[in-house]
Amino acid sequence: MDLKTRGELVARHVAAESAHDMAGTLATLHPECVFEDLAMGRVWRGHEGARDHYHEWWNGLDTTVESGRRAWADDGSLIAETGFSCRHIGPFLGVTATQRIFKLRFVVIVSFRDGLMMGERFYYSLDELLEHLGQPNRKPYMGEAA
């Protein structure tokens, strides 16, 4: 699958995800897809896992994917620095809905297989997310950068 086709697939995925269209979102994912949330240390596998992942986020946060910077890795994976516009509408991470509106920045690496998205690996600050929800669990790291 060429990069143009991969880009079009990702655009369909983002549109369906932002509309909270489960059928449209799953249609862009390989049946053996893997979602890795590195901040939470969680992994979801297959369409059932993806469905659980999206239900958790969509039931707690009304999210819209924002545009960001994209780059293609040598292996054909997509690396995107992007974010969500969020509103906290339901229980999420054990926190009752606050109706707070915020932006959550993240980096995602998307892999592909058989013409579909095979996986998404997310990197973001869990401390920042919890702060937005009004529930910081610890002080942010204040040490020196590497």
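Note that these values count all heavy atoms, side chains included, but never hydrogens, waters or copies made by symmetry.
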Could you tell me whether the side chain of [X] and the main chain of [Y] form a donor-acceptor pair under 3.5 Å?
{"X": "H47", "Y": "L29", "result": "yes"}
{"X": "R12", "Y": "T28", "result": "no"}
{"X": "R6", "Y": "F112", "result": "no"}
{"X": "R121", "Y": "L38", "result": "no"}
{"X": "S111", "Y": "M118", "result": "no"}

Exercise for the section: Carefully, step by step, assess L78 and W72 under the rule side-chain contact (heavy atoms from CB on, under 4.5 Å). Expected result: CA-CA 5 Å; L78 172 66; W72 294 99; 3.6 Å; yes

Problem - Nonpolar side-chain network containing I101, other nodes, edges under 4.5 Å - result: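 ILVMFWY cluster around I101 holds nothing else.
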
Handout entry: Residue pairs passing the ring pair (Phe, Tyr, Trp, His ring centres under 6.0 Å) test where at least one lies in residues 8-28, sequence neighbours excluded
Key =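 For residues 8-28: H20-W58.
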
Exercise for the section: Could you tell me which residues satisfy side chain to side chain donor-acceptor pair (under 3.5 Å) with T98, sequence neighbours excluded, listed by chain and number? Expected result: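 Counting only residues at least two positions away or on another chain, T98 forms a side chain to side chain donor-acceptor pair (under 3.5 Å) with H88.
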
Exercise for the section: Would you mind telling me which of R70, R105, R69 makes a salt bridge (charged side-chain N to carboxylate O under 4.0 Å, His left out) with E81? Expected result: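 For E81, the salt bridge (charged side-chain N to carboxylate O under 4.0 Å, His left out) test succeeds with only one of R70, R105, R69, which is R69.
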
Practice task
Taking atom types as modelled, find out whether E66 and S85 have a side-chain donor-acceptor pair closer than 3.5 angstrom.
Solution key: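 S85 and E66 do have a side-chain donor-acceptor pair below 3.5 Å.
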
Exercise for the section: Show your working on side-chain contact (heavy atoms from CB on, under 4.5 Å) between D37 and W57 and close with a plain yes or no. Expected result: CA-CA 12 Å; D37 184 325; W57 280 81; 3.9 Å; yes

Exercise for the section: Please check if the distance between the ring centroids of F84 and H132 is under 6.0 Å. Expected result: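 Here the rings of H132 and F84 have centres that are no less than 6.0 Å from each other.
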
